Amino acid sequence: MIRIKPVPANAFTGVRDNDGNTGWLHDCGAFTYSPDQPHRCGVCWSALRNGQAHNGNWQRAYITKEAS
């Protein structure tokens, strides 16, 4: 099972997933690997939610792989 977990507000920026990567979680639930905050959400952009795509509501997140 794969879980997307937001990085706690009081955590260091060094939180990484099992493979050493870090990413961003958008308000719509889309996750993307990126060292910097993305300019727009590809999922929202593809769904023609352009205003939401550029709203900048991203939260640092990482993925963990857990046995199901």
Side-chain angles (χ1 to χ4, degrees):
M1 179 185 325
I2 296 175
R3 293 183 188 256
I4 298 175
K5 297 184 175 184
V7 174
N10 60 353
F12 294 104
T13 57
V15 175
R16 305 273 190 241
D17 69 7
N18 296 0
D19 296 325
N21 301 308
T22 188
W24 296 86
L25 180 65
H26 191 248
D27 280 356
C28 73
F31 176 84
T32 185
Y33 281 112
S34 176
D36 301 316
Q37 182 175 336
H39 176 65
R40 66 177 168 88
C41 173
V43 173
C44 291
W45 187 260
S46 295
L48 300 176
R49 297 186 304 245
N50 298 342
Q52 184 177 347
H54 290 284
N55 67 3
N57 289 326
W58 292 92
Q59 182 177 2
R60 275 276 208 214
Y62 62 103
I63 291 179
T64 60
K65 298 170 190 161
E66 302 171 358
S68 52

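Owing to the predicted nature of the structure, the values given are computational and were not obtained by experimental measurement. Numbers for residues simply follow the sequence, beginning at 1. As a basis for the values below, the full set of heavy atoms in this structure was taken, side chains included, without hydrogen atoms, waters or symmetry mates.
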By side chain to side chain donor-acceptor pair (under 3.5 Å) - contacts of N50 (at least two apart): none

Validation row: R60, Q37 side chains within 4.5 angstrom (heavy atoms): no

Shortest non-hydrogen separation from A53 to H26 and the atoms involved: O-NE2, 4.4 Å

Residue pair R49 / V43, side-chain heavy-atom distance below 4.5 Å: yes

Shortest non-hydrogen contact from L25 toward G29: CD1-O, 3.6 Å

Members besides W24 in its Ile/Leu/Val/Met/Phe/Trp/Tyr cluster (side-chain heavy atoms under 4.5 Å): W58

